[in-house]
Student: 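To start, I am sharing the structure in question, which I have written as structure tokens.
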Amino acid sequence: MNIENFIRDLTILAPPFLLALTVHEVAHGRVAYRLGDPTAYNQGRLTLNPLKHLDPIGTICFFIMKIGWAKPVPVNPIYFKNPRKDMLWVSLAGPGANFMLAIASAILAKVLSLAAPLIPNFFLWPLLNMVAASIWINIMFGVFNLVPIPPLDGSKILMGLLPDGLARSYARVDRYGFIVLLILFYTGILPRLIRPIITFAHGIIAG
């Protein structure tokens with residue numbers, strides 16, 4: 001491993017990675033709170049402090065394998081009026097926040113490009129690289145989390161859309177979801193399936 005390249009990548013990728021994880025989890029918690037669940041609020045998880053949301057293994061995996069995760073915000077459906085439907089909105093909030101952050105990053109990239117003559121290069125280029133990384137990372141998180149395999153958000157979204165009987169049947173595979181996810185990832189099936197979607201979304205958002 002080239003230490004110099006690793007440090008450079010760490011410097012460029014760490015801020016957008018931490019922001020993407022934090023915004024994702026806070027979005028889950030905020031929507032849950034608005035729907036009546038105070039669990040995340042009571043545990044101090046409705047904060048933009050990334051240290052509250054970091055999962056050590058998920059963070060290490062991101063810098064090694066370019067896929068990572070945060071410590072999930074606790075959600076207790078017992079507080080919801082309609083647990084299955086409300087969980088759908090809570091689950092949509094995380095990927096939705098990532099897509100909005102990707103759009104905001106793309107807008108910032110355009111602004112920086114227009115203002116480039118006014119900004120010193122030693123400051124401009126690292127910032128542009130961070131913003132470009134933010135676009136890609138947030139799209140990747142958004143798309144990846146929409147995969148309908150437990151424990152990803154997509155599985156809870158799907159359960160909220162399915163009829164009651166099918167939803168209950170689908171919920172039974174929850175205990176095997178992480179194993180299935182690992183198998184699909186390490187065999188390369190999952191990356192091959194979502195990479196074209198990520199690339200397509202990146203083309204639309206980044207222009």
Side-chain angles (χ1 to χ4, degrees), residues 13-62 66-105 133-162 167-168 170-171 173-178 180-182 185 190 194 197-198 201 205:
L13 295 176
F17 171 73
L18 293 175
L19 182 61
L21 286 184
T22 301
V23 167
H24 182 100
E25 295 304 327
V26 170
H28 284 316
R30 286 283 180 189
V31 172
Y33 186 68
R34 289 180 67 87
L35 291 171
D37 177 17
T39 309
Y41 174 81
N42 292 338
Q43 294 187 18
R45 294 293 303 278
L46 301 188
T47 173
L48 291 176
N49 178 0
L51 297 179
K52 291 284 189 177
H53 307 287
L54 279 185
D55 180 286
I57 296 175
T59 303
I60 292 169
C61 284
F62 175 78
K66 298 298 184 284
I67 192 74
W69 57 88
K71 184 167 58 176
V73 158
V75 177
N76 190 345
I78 196 171
Y79 291 102
F80 297 150
K81 292 180 180 178
N82 188 331
R84 206 150 60 83
K85 294 299 181 185
D86 288 348
M87 273 302 300
L88 183 154
W89 293 114
V90 171
S91 301
L92 272 172
N98 286 130
F99 290 128
M100 286 190 288
L101 191 51
I103 292 169
S105 298
S134 178
I135 299 170
W136 182 264
I137 288 169
N138 278 285
I139 292 173
M140 181 190 69
F141 279 173
V143 172
F144 177 67
N145 275 284
L146 287 175
V147 173
I149 300 174
L152 299 179
D153 298 323
S155 64
K156 299 178 184 67
I157 294 169
L158 180 59
M159 278 192 280
L161 295 172
L162 289 172
R168 284 193 294 271
Y170 185 69
V173 308
D174 187 78
R175 70 186 73 177
Y176 310 110
F178 192 68
V180 172
L181 199 59
L182 286 177
F185 183 79
L190 184 58
I194 67 173
I197 301 172
I198 293 171
I205 292 174

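The residues of the chain are indexed from 1 along the displayed sequence. Since the model is a prediction, treat every value here as computed from it, not as a measurement.
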Student: Taking all non-hydrogen atoms of both residues into account, name the closest pair between I157 and S91 and its distance.
Tutor: CG1-CB, 3.7 Å
Student: Kindly write out the residues that satisfy side chain to side chain contact (heavy atoms under 4.5 Å, CB included) with L162, not counting sequence neighbours, or none if the list is empty.
Tutor: L158, L166, A167, Y170
Student: Of all heavy-atom pairs between P151 and L181, which one has the smallest distance, and what is that distance?
Tutor: CD-CD2, 4.3 Å
Student: Which pairs with one or both residues in residues 139-153 pass side chain to side chain donor-acceptor pair (under 3.5 Å), sequence neighbours excluded?
Tutor: H24-D153, H28-D153
Student: Who are the side chain to side chain donor-acceptor pair (under 3.5 Å) partners of N49, not counting sequence neighbours?
Tutor: none
Student: Minimum heavy-atom separation for L21 to L54, with atom names?
Tutor: CD1-CD2, 4.2 Å
Student: Restricting to ring pair (Phe, Tyr, Trp, His ring centres under 6.0 Å), what partner residues turn up for W89, sequence neighbours left out?
Tutor: none
Student: As an exercise, state the distance from CG of L92 to CG of L146, rounded to the nearest 0.5 Å.
Tutor: 7.0 Å
Student: Closest heavy-atom contact between N98 and A20?
Tutor: ND2-O, 3.2 Å
Student: What closest approach, in Å, do L13 and A133 show between heavy atoms, and which atom pair accounts for it?
Tutor: CD2-CB, 3.8 Å
Student: State which residues pass side chain to side chain donor-acceptor pair (under 3.5 Å) with S134; sequence neighbours excluded, sorted by chain then number.
Tutor: S105, N138
Student: For residues 24-47, pull every pair meeting salt bridge (Lys or Arg N to Asp or Glu O under 4.0 Å), keeping only residues two or more places apart or in separate chains.
Tutor: none
Student: Below 3.5 Å, can you tabulate the donor-acceptor pairs from side chains in residues 71-79 to any protein atom, sequence neighbours excluded?
Tutor:
{"residue": "N76", "atom": "OD1", "partner": "I78", "partner atom": "N", "Å": "3.1"}

Student: Among all residues two or more places apart in sequence or in another chain, which pass the side chain to side chain contact (heavy atoms under 4.5 Å, CB included) test with V147?
Tutor: I149, L152, L190, I194
Student: How about F141 and L101: do any of their side-chain heavy atoms sit closer than 4.5 Å?
Tutor: no
Student: Output all residues satisfying side chain to side chain contact (heavy atoms under 4.5 Å, CB included) with A201, sequence neighbours left out; order by chain, then residue number.
Tutor: I139
Student: How far apart are the closest heavy atoms of D55 and A70, and which atoms are they?
Tutor: CB-C, 3.7 Å
Student: Which pairs, with at least one residue in residues 29-58 and sequence neighbours excluded, count as a ring-ring contact (aromatic ring centres under 6.0 Å, His included)?
Tutor: Y33-Y41
Student: Is the side chain of K156 donor-acceptor paired with the backbone N or O of P150 at a distance under 3.5 Å, no angle test?
Tutor: no
Student: Kindly compute the distance separating CE (M87) from CG (L35), expressed to the nearest 0.5 Å.
Tutor: 10.0 Å
Student: With heavy-atom distances below 4.5 Å as the criterion, would you say the side chains of I198 and F144 are in contact?
Tutor: no
Student: Could you list the residues that satisfy side chain to side chain donor-acceptor pair (under 3.5 Å) with R84, not counting sequence neighbours?
Tutor: D164
Student: Under the rule for side chain to side chain contact (heavy atoms under 4.5 Å, CB included), what residues qualify as partners of P15, not counting sequence neighbours?
Tutor: M130
Student: Between atom CG of L48 and atom CG of L18, what is the distance when rounded to the nearest 0.5 Å?
Tutor: 12.0 Å
Student: Around atom CD1 of I57, are there more than 12 heavy atoms from other residues, nucleotides or ligands closer than 6.0 Å?
Tutor: no
